[in-house]
Protein chains: 2
Amino acid sequence: MTGKREQNREQNRLALIEAVLDSVAEKGISETSVSEIIQRAGLSRGMIHLHFGGKDNLVQAAVQHSSEDYYGGLENLLQTAGDSGQERIEMIIRGDLSKEVLNRRSVSIWYAFRGEARNRAAVAEFSDTRDDRLRSMILHAFTSVVREDGCPDAAAVARDATHGTLALLEGMWTDYLLHPDRFDREEAMRIIFRFLAAMFPAHFSLAGAILPEEAEGAAARPL
Amino acid sequence: MTGKREQNREQNRLALIEAVLDSVAEKGISETSVSEIIQRAGLSRGMIHLHFGGKDNLVQAAVQHSSEDYYGGLENLLQTAGDSGQERIEMIIRGDLSKEVLNRRSVSIWYAFRGEARNRAAVAEFSDTRDDRLRSMILHAFTSVVREDGCPDAAAVARDATHGTLALLEGMWTDYLLHPDRFDREEAMRIIFRFLAAMFPAHFSLAGAILPEEAEGAAARPL
DNA sequence: TTGAAAAATGGACAATCGTCCATATTAATC
DNA sequence: GATTAATATGGACGATTGTCCATTTTTCAA
């Protein structure tokens, strides 16, 4: 069993990271000060220096944590999917637009960090690796889809399909960022599947764009 | 003729706004301080308070200026386009991905502001109106395209096409933000036109995705 | 129970933030 | 050219920023 020592240590580290993410989501990066962070975490001023060596390192850790959260959710979903490329792509899209992954908090955090990515090298790096991982997951799935079709320039088609799907998902996230209240997950999925069905009529149809459960009305105000 | 008084006044106002945009593009919002701004503008500290009443108002004016720049370029392009919906959409896409509109500076500025939009009410408002204007331009064009086809649920199709096109453009901008060096304008256009050709085969083809001139190699380092 | 090491506290500190104003400079009018 | 009002200057100001450390508290081992 891990001692109480290490247990508290890890608990406080996490409290600081969560405090940063909460603050970024609610107040934005520019208002996420050390005072704001330690107040939310309910800890003392010196803890940031003790555990992370400084505010910048803490923010970097928060970015990494957020990124791992995203992939944790996505890869968990992916394990429940089938082995075919089509099933995996459908699951990625469904997951990326699900309430667990795409919500007010995650969107606020993600775009806040990305807006500063250009200047914070560490943030940019994770922003990159996150996108690269998603890209390779989708590209891999499309490659296996295209292989079944046996068309000539298979690699190029898979690349275009990956690029288009990622761009559409990006666009939908932006949609959600700007209008979280009037965003329609079903509509977002329908449009992406229209694109897929047009490119691969043998594998995709609009029927894939139906969410298993949709009940977002009254209980949905996470922020 | 306008007096030298007003002429200088306007010139200094503009210098401050440009200084903000330059700083945001190069250093990010969090490092865009009053000291940074007045140093870039070559003016004295008090000018911000004199002309804008405070830093926040200046930043808001900069956002507005940037937004008007974007539409100025886009609407100029649109005047050279034909009257048909198809031509207007092609021109909007071409313009939105052109070097004059989509470049390192504009992308840095746009995403930096958007990352803070959630917290700055004034910024959010302009982010909204900018998107709304573009949306209505595209929707209008698609509506006239769909009308020619005479399909039953014309309004819904035009709405989906607009939504998809906007999402794709958004995604391409994000692509450029994350990888300005390896971004390929031709590829971006090709993917969007693949989407359009699939939805409206009678009006769009991949032939629309060819840029008039492409020479971006050595001379392209605007930032 | 005692000693030592790890963890946590909270205030001191210099640096920087944005605002504002007394002063100096400039341009337009008489 | 003198007067007046608009424009511009740059430093003072209090507030807040992030860092760091002397001190206290807690945990584990002897």
Side-chain angles (χ1 to χ4, degrees), chain A residues 1-24 26-63 112-113 116 119-123, chain B residues 1-24 26-63 112-113 116 119-123:
Chain A
M1 139 186 179
T2 64
K4 198 172 181 182
R5 198 60 153 242
E6 193 180 349
Q7 191 175 333
N8 277 357
R9 183 188 163 85
E10 208 54 34
Q11 177 181 322
N12 286 338
R13 262 186 62 102
L14 247 174
L16 286 172
I17 287 178
E18 290 293 342
V20 168
L21 294 179
D22 283 342
S23 173
V24 168
E26 286 180 34
K27 305 240 184 143
I29 285 191
S30 64
E31 296 205 39
T32 298
S33 62
V34 168
S35 304
E36 179 77 28
I37 294 167
I38 57 113
Q39 188 180 341
R40 282 174 185 268
L43 295 172
S44 63
R45 226 171 162 60
M47 290 294 268
I48 292 176
H49 182 254
L50 180 82
H51 283 298
F52 297 93
K55 188 198 170 192
D56 280 352
N57 291 340
L58 167 56
V59 170
Q60 176 178 349
V63 172
F113 281 140
E116 288 255 309
N119 322 103
R120 305 202 183 221
V123 173
Chain B
M1 138 187 179
T2 65
K4 196 170 180 183
R5 203 49 159 246
E6 194 181 347
Q7 192 175 331
N8 276 358
R9 183 187 162 86
E10 209 53 35
Q11 177 181 321
N12 286 338
R13 262 186 63 101
L14 247 173
L16 286 171
I17 287 179
E18 289 294 342
V20 168
L21 294 178
D22 284 342
S23 173
V24 167
E26 286 179 34
K27 304 239 183 144
I29 286 190
S30 65
E31 296 205 38
T32 298
S33 62
V34 167
S35 305
E36 178 76 29
I37 294 167
I38 56 113
Q39 188 180 341
R40 282 174 185 268
L43 295 173
S44 64
R45 229 172 158 61
M47 291 293 269
I48 292 176
H49 181 254
L50 180 84
H51 283 299
F52 298 94
K55 188 197 169 192
D56 281 352
N57 290 340
L58 167 57
V59 170
Q60 176 177 350
V63 172
F113 282 140
E116 287 254 309
N119 321 102
R120 305 202 183 219
V123 173

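Residue numbers begin at 1 in each chain, while the letters A, B, ... track the order of the sequences. What you see is a predicted model; the values in this text were computed from it and never measured.
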For the pair made of CG in B/Leu50 and C1' in C/dC21, what is the distance, rounded to whole Å? 12 Å

Contact summary for B/Val20 and B/Ala62, nearest pair of heavy atoms: CG1-CB, 3.7 Å

Could you pick out which residue, B/Gly46 or B/Arg9, lies toward the 5' side of DNA chain D when each is mapped onto its nearest nucleotide? B/Arg9

Test side-chain contact (heavy atoms from CB on, under 4.5 Å) on B/Phe52 and B/Val59; report intermediate values, then the result. CA-CA 9 Å; B/Phe52 298 94; B/Val59 170; over 6 Å; no

Under a 4.0 Å heavy-atom cutoff, the residues of residues 37-44 of chain B touching DNA chain D are B/Leu43, B/Ser44

Nearest-angstrom distance from the residue atom CD of A/Glu10 to C1' of C/dA7: 14 Å

Interatomic distance, CD1@A/Ile38 vs NZ@A/Lys55, rounded to 0.5 Å, equals 12.5 Å

Check nucleotides 25-30 of chain C for protein N or O atoms closer than 3.5 Å to its own N or O atoms and list the pairs.
residue: C/dA27; atom: OP1; partner: B/Lys4; partner atom: NZ; Å: 3.4
residue: C/dA27; atom: O4'; partner: B/Arg5; partner atom: NH1; Å: 2.9
residue: C/dA27; atom: N3; partner: B/Arg5; partner atom: NH1; Å: 3.3
residue: C/dA28; atom: OP1; partner: B/Lys4; partner atom: N; Å: 2.5
residue: C/dA28; atom: OP1; partner: B/Arg5; partner atom: N; Å: 2.7

In this structure, which one of A/Gln39, A/Met47, A/His49, A/Arg45 forms a side-chain contact (heavy atoms from CB on, under 4.5 Å) with A/Val34? A/Arg45

Enter the distance from B/Asn57:CG to B/Ile48:CD1 here, rounded to the nearest 0.5 Å. 11.0 Å

Value for CD1 (B/Ile17) from CD (B/Gln60), rounded to nearest 0.5 Å, stands at 10.5 Å

Starting at OG1 of B/Thr32, measure out to CG of B/Leu58 and round the result to the nearest 0.5 Å. 10.0 Å

May I ask you to evaluate whether B/His49 reaches the phosphate of C/dC20, defined as a side-chain N or O under 4.0 Å from OP1 or OP2? yes

Using side-chain contact (heavy atoms from CB on, under 4.5 Å), reason through A/Gln11 and A/Asn8 one step at a time and then give a plain yes or no. CA-CA 5 Å; A/Gln11 177 181 322; A/Asn8 277 357; 4.0 Å; yes

Could you tell me whether A/Asp56 contacts a base, only the sugar-phosphate backbone, or nothing, with contacts defined as non-hydrogen atoms closer than 4.0 Å? nothing

Would you call B/Arg13 and B/Glu10 a salt bridge, taking side-chain N to carboxylate O under 4.0 Å as the test? yes

From NZ of B/Lys55 over to P of C/dG18, roughly how many Å is that when rounded to an integer? 4 Å

Separation of B/Gln60 atom CD from C/dG18 atom P, in whole Å? 17 Å

Span of DNA chain D, from the first to the last nucleotide whose atoms fall under 4.0 Å of chain B heavy atoms: D/dA5 to D/dA12

If I take atom CD from residue A/Gln7 and atom CG from residue A/Asn12, how far apart are they, to the nearest 0.5 angstrom? 11.0 Å

N/O (side chain, A/Asn12) to phosphate O (OP1/OP2, C/dA8) under 4.0 Å: yes

Round to the nearest Å and state the distance from B/Phe52 atom CZ to C/dC20 atom P. 16 Å

Looking at CZ of A/Arg40 and CG of A/Asp22, how far apart are the two atoms once the value is rounded to the nearest 0.5 Å? 6.0 Å

